[in-house]
Protein chains: 2
Amino acid sequence: MVRMSGNARESGRSTTSRVLALLAAFSRRRPELTLTELAALSGLPPATTHRLAAELLDWGALERAADGRFQVGLRLWEIGALTPAHRELRSAAIPFMEDLYEATHENVQLAVRDGLEVLFVDKISGDSSVVTLTDVGGRAPLHATAVGKIILAFSEPELFAEVAGRELPRSTPHTITLPSVLAQALRAARRDQVAYSLEERSLGASSVAAPVRQADGTLVAALSVVARSSKNVRGLAFAVRTAALGLSRRLAGQGSA
Amino acid sequence: MVRMSGNARESGRSTTSRVLALLAAFSRRRPELTLTELAALSGLPPATTHRLAAELLDWGALERAADGRFQVGLRLWEIGALTPAHRELRSAAIPFMEDLYEATHENVQLAVRDGLEVLFVDKISGDSSVVTLTDVGGRAPLHATAVGKIILAFSEPELFAEVAGRELPRSTPHTITLPSVLAQALRAARRDQVAYSLEERSLGASSVAAPVRQADGTLVAALSVVARSSKNVRGLAFAVRTAALGLSRRLAGQGSA
DNA sequence: AGAGCCTCTTCCGCCGGGCGGAAGCCGATG
DNA sequence: CATCGGCTTCCGCCCGGCGGAAGAGGCTCT
């Protein structure tokens, strides 16, 4: 039998990108993967997947579940927790989020921008409150959420231009899909220091958000409360603003301790 | 001028291990690093560090702070949040931790085992409560903490053997450093379903912990309350046990929703 | 139980991705 | 203006790593 194997590597792809492709294969939808799934999702041959995954396993970036499936390892979580959004912002935010939760007993969320999306960094949810679509680590569009509008309203105008330049995907009949209407909502947000999403992301859920700023006044995050649309979310606006201002003052008052 | 450069690569080190070394360079102590620091901590030449870091930057595993330093990126945090400890355990635990906090207004902590240490997965801390040594993402020794004792008491005996085989480092005058005394404490923990640490980790702070189990009865985490030693932590034992039992029932009742 | 199938794991020879010394760049400092 | 330290780019050599193939193990179906 002739050994006709050898090297048929896919050109133009770095080893680093292969490793990152393995990590990127995991998602909220699919947090546990078999080797074959991992290979398919990362676009790598099974043999390569196996070898690289073994190295990640060895280091602790990945782990194997009881049934042998791959899952994200604690070591990776530990390092991920060093990101500024988690380390500085989240720890400072927790007390204010608790206060907000105790006062309203509704879902309280903390979000930052990543790319052209909102990324939820933390969340406190009561058992009685609305079921929100997105969990911690989840993403949502900027234009359809209250936190997203706050981010758009208080970031550089280039961000709005970028978002408005693309299509504004519709989530519900109430989603804003016209750039001009969105621009008007952002003006109102700048004026009132709060933004709303009234069933624009999912029917039966509305939210109010307020800006969180760091010492120099630039926006770092948005804090929001989600409630059933039947409730008067507008009545929660002052509570959210107050908590967001308190958190901003805390961030300004101390470096990161 | 003769070009005498070329390749002098360090043998026996995979590209993957280099990438992981870069990630491992970040720590709670040093969450922001310059290129030179990153190179020194990872043990890679500056040129290699620069090239690999650029690729990680491009993908979002790393980010640059305003001053140009490297820090862990949101993308990595996002993937780290997919670890079972975060995704299943933490989200299920939050309501119970809140209840515990509202009842006691002391620090509430959730911890899992990683290797021969305790890893804190989540924490709720009031402003009035004791300042704890360890933050979310932080580690602590198994033998000197209440959560660690719970983990030792309800895991396979091999774990205790492994820990007792090594030295038990002393943190305070009250730290248990004799395997026989530790074994006795673990027997008491198994009997009472709670474990204590009475100023064994840091003076002025004591804690009570209880086991969190999954459907099949195996231990998955430990829940604890930290209080000033002057307070009677023993009085908090039932509260912690109740919350831990509630959380265990929740984990048994549903897969991961 | 034997055949067929699928997934996981191991092996190894060929080769191009990636290594890192050197040089160039840039801002800070004396 | 010279010096210095850290950051970035360049590029030719070479060995780490790629992945097809084969082997092992487990499951279903007939």
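Keep in mind the model is a prediction, meaning the values are calculated, not measured. Order of the sequence lines fixes the chain letters, A, B, ..., with proteins taken first and strands second; residue numbering starts at 1 for each chain. Note: hydrogens, waters and symmetry copies are ignored here, and every other heavy atom, side chains too, is used.
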Separation of [N] [atom2] from [X] [atom1] (nearest whole Å):
X	N	atom1	atom2	result
R18(B)	dG17(D)	CZ	P	7 Å
D67(B)	dG6(D)	CG	C1'	14 Å
R13(B)	dG18(C)	CZ	C1'	14 Å
L52(B)	dC19(C)	CG	C1'	9 Å

Result block: side-chain N/O donor-acceptor pairs under 3.5 angstrom for residues 64-80 of chain B, not counting sequence neighbours:
residue : atom : partner : partner atom : Å
R64(B)  : NE   : G68(B)  : O            : 3.1
R64(B)  : NH2  : G68(B)  : O            : 3.1
D67(B)  : OD1  : R69(B)  : N            : 3.1
D67(B)  : OD2  : R69(B)  : NE           : 3.3
R69(B)  : NH1  : E32(B)  : O            : 3.4
Q71(B)  : NE2  : E32(B)  : OE2          : 2.9
R75(B)  : NH1  : W59(B)  : O            : 3.1
E78(B)  : OE1  : R139(A) : NE           : 3.3
E78(B)  : OE1  : R139(A) : NH2          : 2.6
E78(B)  : OE2  : R139(A) : NE           : 2.8

Taking only the side-chain heavy atoms of A47(B) (C-beta and beyond), determine which of dT10(C), dG20(C), dG16(D) contains the nearest atom.
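For A47(B), the side-chain atoms sit closest to dG20(C).
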Please list each protein N or O that sits under 3.5 Å from an N or O in nucleotides 5-8 of chain C, with the distance.
residue : atom : partner : partner atom : Å
dC8(C)  : OP1  : L35(A)  : N            : 3.3
dC8(C)  : OP2  : T36(A)  : N            : 2.8
dC8(C)  : OP2  : T36(A)  : OG1          : 2.1

Would you list the protein and nucleotides 24-28 of chain C atom pairs, both N or O, that sit under 3.5 Å from each other?
none

What's the angle between the local helix axes at either end of the helix from dA1(C)-dT30(D) to dG30(C)-dC1(D), using five pairs per end and rounding to 10 degrees?
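About 40°, once rounded to a multiple of 10°.
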Contact nearer the 5' end of DNA chain C, comparing T16(A) with F70(A)
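Upstream on the strand: F70(A).
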dG16(D) phosphate, OP1 or OP2, under 4.0 Å from T15(B) side-chain N/O
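No, outside the criterion.
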Phosphate OP1/OP2 of dG17(C) contacted by S14(A) side-chain N/O (<4.0 Å)
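No, because none of the side-chain N or O atoms of S14(A) sits under 4.0 Å from OP1 or OP2 of dG17(C).
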Among all residues two or more places apart in sequence or in another chain, which pass the salt bridge (Lys or Arg N to Asp or Glu O under 4.0 Å) test with D135(B)?
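Salt bridge (Lys or Arg N to Asp or Glu O under 4.0 Å) list for D135(B), sorted by chain: K123(B).
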Looking at residues at least two apart in the chain, or sitting in another chain, which of them share a salt bridge (Lys or Arg N to Asp or Glu O under 4.0 Å) with R113(A)?
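Expected list: none.
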Taking the six-membered ring of F154(A) (Phe, Tyr or Trp), confirm whether the NZ or CZ of R213(A) is under 6.0 Å from its centre and within 45° of its axis.
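Yes, a cation-pi geometry holds between R213(A) and F154(A).
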Mind checking side chain to side chain contact (heavy atoms under 4.5 Å, CB included) for R18(A) and listing every partner two or more places apart, or none if nothing turns up?
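So R18(A) forms a side chain to side chain contact (heavy atoms under 4.5 Å, CB included) with R13(A), L44(A), T48(A), L52(A).
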Would you classify R51(B) as touching base, sugar-phosphate or nothing, given that sugar-phosphate means primed atoms plus P, OP1 and OP2, and contacts are heavy atoms under 4.0 Å?
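The answer is base, as R51(B) lies within the cut-off (heavy atoms under 4.0 Å) of a base atom.
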How long is the span from the [atom1] atom in [X] to the [atom2] atom in [Y], to the nearest 0.5 Å?
X	Y	atom1	atom2	value
S224(A)	F120(A)	OG	CZ	6.0 Å
L186(B)	I151(B)	CG	CD1	11.5 Å
L152(A)	L142(A)	CG	CG	4.5 Å

According to side-chain hydrogen bond (donor to acceptor under 3.5 Å, both in side chains), does anything in residues 140-162 of chain A pair up with another residue at least two apart or in another chain? List the pairs.
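Residue pairs passing side-chain hydrogen bond (donor to acceptor under 3.5 Å, both in side chains), neighbours aside: K149(A)-E200(A), E162(A)-R166(A).
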May I have the step-by-step check of salt bridge (charged side-chain N to carboxylate O under 4.0 Å, His left out) for R90(B) and D122(A), ending in yes or no?
CA-CA 11 Å; R90(B) 203 198 81 108; D122(A) 204 4; 3.4 Å; yes
Quick one: are L22(A) and L38(A) in side-chain contact, heavy atoms under 4.5 Å?
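In contact.
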Evaluation steps, side-chain contact (heavy atoms from CB on, under 4.5 Å), between L89(A) and V121(A)
CA-CA 9 Å; L89(A) 203 170; V121(A) 172; 5.7 Å; no
For DNA chain C, the residues among residues 38-45 of chain A that have a non-hydrogen atom under 4.0 Å from it:
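Contacts with DNA chain C under 4.0 Å: none.
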Show me the protein contacts with nucleotides 25-28 of chain D, counting only N or O atoms at under 3.5 Å.
none

Quick one: side chain to side chain donor-acceptor pair (under 3.5 Å) partners of T218(B), sequence neighbours excluded?
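Residues passing side chain to side chain donor-acceptor pair (under 3.5 Å) with T218(B): Q214(B), D216(B).
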Considering residues at least two apart in sequence or located in another chain, which fulfil the side chain to side chain donor-acceptor pair (under 3.5 Å) criterion with R30(B)?
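Per chain and number, R30(B) pairs via side chain to side chain donor-acceptor pair (under 3.5 Å) with E37(B).
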Donor-acceptor contact below 3.5 Å, side chain Q193(B) vs main chain R190(B):
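At least one qualifying donor-acceptor pair exists.
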Checking side chain to side chain donor-acceptor pair (under 3.5 Å) against T134(B), which of Q109(B), R28(B), R201(B) comes through?
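Of the listed residues Q109(B), R28(B), R201(B), the side chain to side chain donor-acceptor pair (under 3.5 Å) partner of T134(B) is R201(B).
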